[in-house]
**Student:** 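My questions will all concern the structure given below.
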Amino acid sequence: MASVSSQPQFRYTQPPSKVLHLRNLPWECTEEELIELGKPFGKVVNTKCNVGANRNQAFIEFADLNQAIAMISYYASSSEPAQVRGKTVYLQYSNRQEIVNNKTAADVPGNVLLVTIEGADARLVSIDVLHLVFSAFGFVHKITTFEKTAGFQALVQFSDAETATSAKDALDGRSIPRYLLPEHMGPCTLRITYSGHSDLSVKFQSHRSRDYTNPYLPVAPSAVEGSGQAMVGLDGKRLETESNVLLASIENMQYAVTLDVLHMVFSAFGPVQKIAMFDKNGGLQALIQYPDTQTAVVAKEALEGHCIYDGGFCKLHISYSRHTDLSIKVNNDRSRDYTIPNTPNAQPSILGQQSAPMVGPPGQPYNGSQTGWGSGPPAGVQSMPMQMHNNVYMPPGSMPQQMAPGMQFPSHNSSQPTTTLPAYGSDRAQ
DNA sequence: AGCACA
């Protein structure tokens with residue numbers, strides 16, 4: 001025998017697996033229908049539907065391999081094909097041995113929907129039209145819209161998950177009725193998932209966001225610039241709306257800025273509840289959440305314009321975010337919810353050191369005793385707020401790729417699904 | 001109608 005080992009398998013055939021791969025499903029197909037389909041042949045332990053680019057594929061996992069074989073065998077010789085909603089579905093053994101359910105927030109029912117409006121003219125859809133469309137299913141509390149690489153998106157907040165679900169079920173994949181749109185506009189299709197949010201933060205009524213529960217909310221100042229709803233004060237300086245969540249962007253990022261680094265930097269001013277990092281405009285940005293606005297104000301004043309590393313590297317620019325509570329869906333190397341104790345994914349190292357309860361009077365500098373650098377807020381900090389004494393911030397120049405003694409950065413580079421960030425950041429779907 | 005992720 002010449003070639004024994006890695007013979008490419010015959011195209012489109014797979015060795016038996018407990019997991020079956022289904023295609024040509026109607027996109028409305030639900031997990032319940034998949035279970036119904038598989039139940040006659042055995043115990044369905046897991047399913048996944050709306051898979052693939054067209055969301056018309058699915059997986060069924062049986063408890064036992066023989067059950068999967070039974071189903072394949074049955075339909076292989078049956079005169080009636082397997083059907084869902086009258087549509088013939090094609091089955092085969094999956095090339096995977098188990099279904100991994102990356103249940104993201106998009107799958108977990110909630111009262112807020114993430115709506116992606118598809119179509120060439122998507123961004124011309126007004127918030128009023130969206131309000132009209134979604135109001136058919138119940139009282140719409142708030143809507144925010146924003147533009148992402150995924151396109152034009154909106155978050156639509158209902159009272160409860162049931163109402164949101166009815167709207168999602170009815171509208172997902174459908175197009176906005178033509179009579180609601182100006183004549184010249186092309187079709188606009190709605191793609192809907194659940195958002196991780198439960199209460200949107202709407203500070204102004206504007207063409208981009210509305211709070212229908214509060215008609216007296218002030219109308220947005222006409223000149224809203226950049227990310228931090230800035231108004232102009234009497235002195236001509238920008239007045240920003242303070243928030244407990246800071247938006248930090250990092251300029252001249254010659255050296256990697258990790259979640260742990262940010263956590264340490266911002267923990268100097270108080271307990272950091274959540275951090276989410278994401279790429280924006282080719283640079284790195286992060287949202288840092290404190291329990292209260294006072295702490296955020298102190299941190300912003302202290303850190304704005306300073307550099308994480310000597311030599312002008314990784315300069316921080318900080319503004320207030322419009323968020324008040326970040327929605328962290330998964331703890332990974334880009335985002336973390338530090339308020340959840342002993343998160344499975346939580347990594348050792350710095351986190352471990354800082355796991356001591358970080359409670360202190362709001363507005364007071366957090367004395368992070370565990371980290372040994374909690375000598376108050378960097379009141380006297382000049383240009384180097386981060387250059388504390390415990391070698392954590394060994395200047396990159398002197399020790400480029402090495403860890404400082406005692407430091408163990410997480411070694412795994414898990415590329416878990418990026419977390420989904422909030423409304424104005426990125427509510428997934430990038 | 002052909003294998004999942006943001």
**Student:** At what distance, to the nearest 0.5 angstrom, does OG of A:Ser209 lie from CD1 of A:Ile127?
**Tutor:** 6.0 Å
**Student:** For the pair made of CZ in A:Arg55 and P in B:dA1, what is the distance, rounded to whole Å?
**Tutor:**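 Value for this atom pair: 17 Å.
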**Student:** Whole angstroms only, please: what is the CD-P distance between A:Gln97 and B:dA4?
**Tutor:**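 In whole Å, B:dA4 P lies 15 Å from A:Gln97 CD.
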**Student:** Within the side chain of A:Glu251, is there an N or O that forms a donor-acceptor pair under 3.5 Å with the backbone of A:Lys315?
**Tutor:**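 Looks like no, no N/O pair under 3.5 Å.
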**Student:** CG of A:Asn54 versus P of B:dC3: gap in Å, rounded?
**Tutor:**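 So the two atoms are 11 Å apart, to the nearest Å.
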**Student:** Would you indicate which nucleotide in B:dC3, B:dA4, B:dA1 comes nearest to any side-chain atom of A:Tyr90?
**Tutor:** B:dA1
**Student:** Among A:Ile117, A:Leu124, A:Ile176, find the residue that satisfies the side-chain contact (heavy atoms from CB on, under 4.5 Å) test when tested with A:Val129.
**Tutor:**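 Among A:Ile117, A:Leu124, A:Ile176, the one that satisfies the side-chain contact (heavy atoms from CB on, under 4.5 Å) with A:Val129 is A:Ile176.
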**Student:** Using the closest heavy atom to pick a nucleotide of DNA chain B for each, name whichever of A:Lys87 or A:Gly52 lands nearer the 5' end.
**Tutor:** A:Lys87
**Student:** Figure out the CD1/C1' separation between A:Ile328 and B:dA6, and round it to whole Å.
**Tutor:** 14 Å
**Student:** Figure out the NZ/C1' separation between A:Lys280 and B:dA6, and round it to whole Å.
**Tutor:** 16 Å
**Student:** Taking 4.0 Å as the cut-off, does a side-chain nitrogen or oxygen of A:Arg23 come that near to OP1 or OP2 on B:dC3?
**Tutor:**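 Answer no for this pair, as no side-chain N or O of A:Arg23 is under 4.0 Å from OP1 or OP2.
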**Student:** If you assign A:Lys48 and A:Asn56 each to the DNA chain B nucleotide with the nearest heavy atom, which residue ends up on the more 5' nucleotide?
**Tutor:**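 Nearest nucleotide further toward 5': that of A:Asn56.
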**Student:** Which part of the nucleic acid, if any, lies within reach of A:Glu98 when heavy atoms closer than 4.0 Å are counted: base, sugar-phosphate only, or nothing?
**Tutor:** base
**Student:** Looking at A:Tyr93, is its backbone amide N or carbonyl O close enough to the side chain of A:Gln14 to form a donor-acceptor pair, meaning the two atoms are under 3.5 Å apart?
**Tutor:**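 Not confirmed, A:Gln14 side chain does not pair with A:Tyr93 backbone.
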**Student:** From CD1 of A:Ile72 over to P of B:dC3, roughly how many Å is that when rounded to an integer?
**Tutor:**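 Interatomic distance, CD1 of A:Ile72 to P of B:dC3: 15 Å.
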**Student:** For A:Tyr194, which of A:Asn111, A:Asp107, A:Thr165 qualifies under side chain to side chain donor-acceptor pair (under 3.5 Å)?
**Tutor:**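 Result: among A:Asn111, A:Asp107, A:Thr165, A:Thr165 is the only option passing the side chain to side chain donor-acceptor pair (under 3.5 Å) with A:Tyr194.
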**Student:** Could you give the CG-to-C1' distance, from A:Leu22 to B:dA4, as a whole number of Å?
**Tutor:** 13 Å
**Student:** Nearest to the side chain of A:Asn24 - B:dA4, B:dC3, B:dA1?
**Tutor:**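 When the side chain of A:Asn24 is considered, B:dA1 is the closest of B:dA4, B:dC3, B:dA1.
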**Student:** Over how many whole Å does the gap from A:Leu34 atom CG to B:dA4 atom C1' extend?
**Tutor:**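 After rounding, the reported distance stands at 13 Å.
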**Student:** Does A:Val100 reach a base, just sugar-phosphate, or nothing at all? Heavy atoms under 4.0 Å.
**Tutor:** base
